[in-house]
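These notes are about the structure you will find just below.
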There are 2 protein chains.
Amino acid sequence: MSVQFAPVEFEPAYRKVAAALLERITDRTLAAGERLPPELELARQFGVNRSTVREALRELESTGVLRRQRGSKLMMVSRPERHAVADGVSRALALHDVSIRDVWEGLTILEPPTAEAAARHRRPTDLARIEATVARAPDRNAERAARQAAEFFRDVGEATHNRVLMLAHEPLLQLLSPSLRTIIDEVAAARTRIATAQRRILQAIRAGDAAEARLWTEKHIRDFRRGFDLAGIDLARRVDPWSIDRPG
Amino acid sequence: MSVQFAPVEFEPAYRKVAAALLERITDRTLAAGERLPPELELARQFGVNRSTVREALRELESTGVLRRQRGSKLMMVSRPERHAVADGVSRALALHDVSIRDVWEGLTILEPPTAEAAARHRRPTDLARIEATVARAPDRNAERAARQAAEFFRDVGEATHNRVLMLAHEPLLQLLSPSLRTIIDEVAAARTRIATAQRRILQAIRAGDAAEARLWTEKHIRDFRRGFDLAGIDLARRVDPWSIDRPG
DNA sequence: ATAGTCCGATTGTCCGATAATATCACCCTG
DNA sequence: CAGGGTGATATTATCGGACAATCGGACTAT
């Protein structure tokens, strides 16, 4: 076994076509919003059959760089939507048997500094949005209440004006939402504690008090941990392969 | 405008097929490692043409839940590979004009607590892996040195045994790598400072000293910031649509 | 055992065709 | 001239069928 050979690599045409198109999209030759040529035209240009082009298009469609507006025929170059990307990440994490503890730990790490950053970079419109969400605070319906709790974090994320942070916590919010609903359903004090924390965090962000925003967010997340215990949720359990919102 | 109608939704067959298959995969009816039936069989079962099935397969293939082992014909159900998922996230962030500052801020938030967690949960094999990487420390070649620097963070991430954290920082490492290479190329002191920080962090992780691990990681990341300035990299510049590794 | 050979199954790719519908230039009417 | 109908055309979704390449085995000869 003196000589070693690398496996000969073969790439099917549909993948090559997809790669070529993706290349043009990432290097902005094809800008977002631009319309893609018709399939037959692409087939002619690439010198392949239309079926092959279509397979490539499906690939790009599912990554979110191609989309078609409702009721339109031609494909449009687009930027992947945040929630669509997050769906993929969530699915991947769920399939990898990530535990509730893992997700919670991620939030513990991510949210306090995010709130801090929000306190520094928030603008009036951000405050308005957070306020609107906080105002919906204690909701009788557990489903809605859980959604509101997640929405609050999203709003805070928006206020950072850092897309990296916004995208990073999105899958965590998605994965935690079923447990969150359970907590709100089972733990009597949950609603008011959440509402209180949200008010304090909002207050701190409005005042531009980064330290305070961080502190209350830490409390807020720690409360979730208490909630898991009180609701009898096993932290070691893997997150549910929950229902994904279909990308619009 | 008394009555309102939601836009009638039409889903093409290839999407329905993809959704149906994905459903079976997320609910584990089709377990990872299992082989998918042949395309003709699927076409028969779904009552559609083979071309339609193929378009659905391309969609699932690109999300990473389907794969074929090298040189095999039948598709295999699989879990999305971390780096493949991260590629998608990176691309999305790049297309959204994320700035270097945004990415750096993400690392600032993510890495110190990650090192902390690593100090708590590391096992002997983790230490060995980190040590091996640190041992490759000052490399003359900037390209390799940058890869090594990123690899170090990956190793630390592995040591947390939390897949959420591992996946979360992966896109950041990918997006930062071009800038990192520039720094190593331009800033004379970069190599030794990186090597020093890595040694100290490794030491702390080995000792199980979470606080120390966090501290040195903070320094390490702050150093990057200094590096950007010294290398004349504009933090407001958007990250490069760098070259993506093709998923194997 | 290892290499050669054959065979069925399966994928990659192509061709051609049809129905549905989005797009657009055009015309008509008030 | 604005705005609404109206075809002709372009384009997609889906189908059926075809063929070459090749993978997985079985079987055979060395």
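Letters A, B, ... mirror the listed sequences (proteins, then strands); counts begin at 1. Quick caveat, the model's predicted, so the values are computed rather than measured.
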**Study point:** Those residues of residues 32-42 of chain A lying under 4.0 Å from DNA chain C by at least one heavy atom
**Key:**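 None, since no heavy atom is under 4.0 Å.
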side-chain hydrogen bond (donor to acceptor under 3.5 Å, both in side chains) with [X]: which residues, sequence neighbours excluded?
{"X": "Arg54(B)", "result": "Glu55(A), Glu39(B)"}
{"X": "Arg237(A)", "result": "none"}
{"X": "Arg163(B)", "result": "none"}

Check your understanding: Do any N or O atoms from the side chain of Thr26(B) and from the backbone of Leu22(B) form a donor-acceptor pair under 3.5 angstrom?
Key -> yes
**Study point:** Polar side-chain atom of Arg35(A) near backbone of Leu74(A) as donor-acceptor pair, under 3.5 Å
**Key:** no
Exercise for review: Answer yes if the side chains of Gln148(B) and Asp139(B) hold a donor-acceptor pair under 3.5 Å, and no otherwise.
Suggested key: no
**Study point:** Pair Asp102(B)-Ser99(B), side-chain donor/acceptor within less than 3.5 Å
**Key:**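 On atom types as modelled, these side chains qualify, holding a pair under 3.5 Å.
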Grab the [atom1]-[atom2] distance between [X] and [N] for me, whole Å please.
{"X": "Arg15(B)", "N": "dT12(D)", "atom1": "CZ", "atom2": "P", "answer": "15 Å"}
{"X": "Glu11(B)", "N": "dA13(D)", "atom1": "CD", "atom2": "P", "answer": "13 Å"}
{"X": "Arg58(A)", "N": "dT14(D)", "atom1": "CZ", "atom2": "C1'", "answer": "12 Å"}
{"X": "Tyr14(B)", "N": "dT12(D)", "atom1": "OH", "atom2": "P", "answer": "11 Å"}

Exercise for review: Assign a letter to each nucleotide of nucleotides 17-22 of chain D from its 5' end: B, base within under 4.0 Å of a protein heavy atom; S, sugar-phosphate only; -, no contact.
Suggested key: -B--BB
Study note, to complete from the structure: From the list Asp155(B), Val134(B), Thr133(B), side chain to side chain contact (heavy atoms under 4.5 Å, CB included) partner of Leu202(B) resolves to Val134(B)
Check your understanding: Are Arg24(A) and Glu34(A) close enough for a salt bridge, meaning some N to O gap below 4.0 Å?
Key ->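 Answer for the salt bridge query: no.
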Review point. Which nucleotide of DNA chain C is the first, and which the last, in the 5' to 3' direction, to come under 4.0 Å of a heavy atom belonging to chain B?
Key: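 Endpoints of the contacted stretch of DNA chain C: dT10(C) to dT13(C).
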Check your understanding: Closer to the 5' end of DNA chain C via nearest nucleotide, is it Leu74(A) or Ala13(A)?
Key ->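 Nearer the 5' end of the strand: Ala13(A).
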**Study point:** Spatial distance of atom CZ (Arg238(A)) from atom NE2 (His96(A)) [nearest 0.5 Å]
**Key:**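 If we round to the nearest 0.5 Å, Arg238(A):CZ and His96(A):NE2 are 13.0 Å apart.
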Review point. OP1 or OP2 of dA13(D) less than 4.0 angstrom from a side-chain nitrogen or oxygen of Arg68(A), does that happen here?
Key: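 True: Arg68(A) side-chain N/O within range (under 4.0 Å) of dA13(D) OP1/OP2.
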Review point. With a 4.5 Å heavy-atom cut-off, do Met166(A) and Glu170(A) have their side chains touching?
Key: no
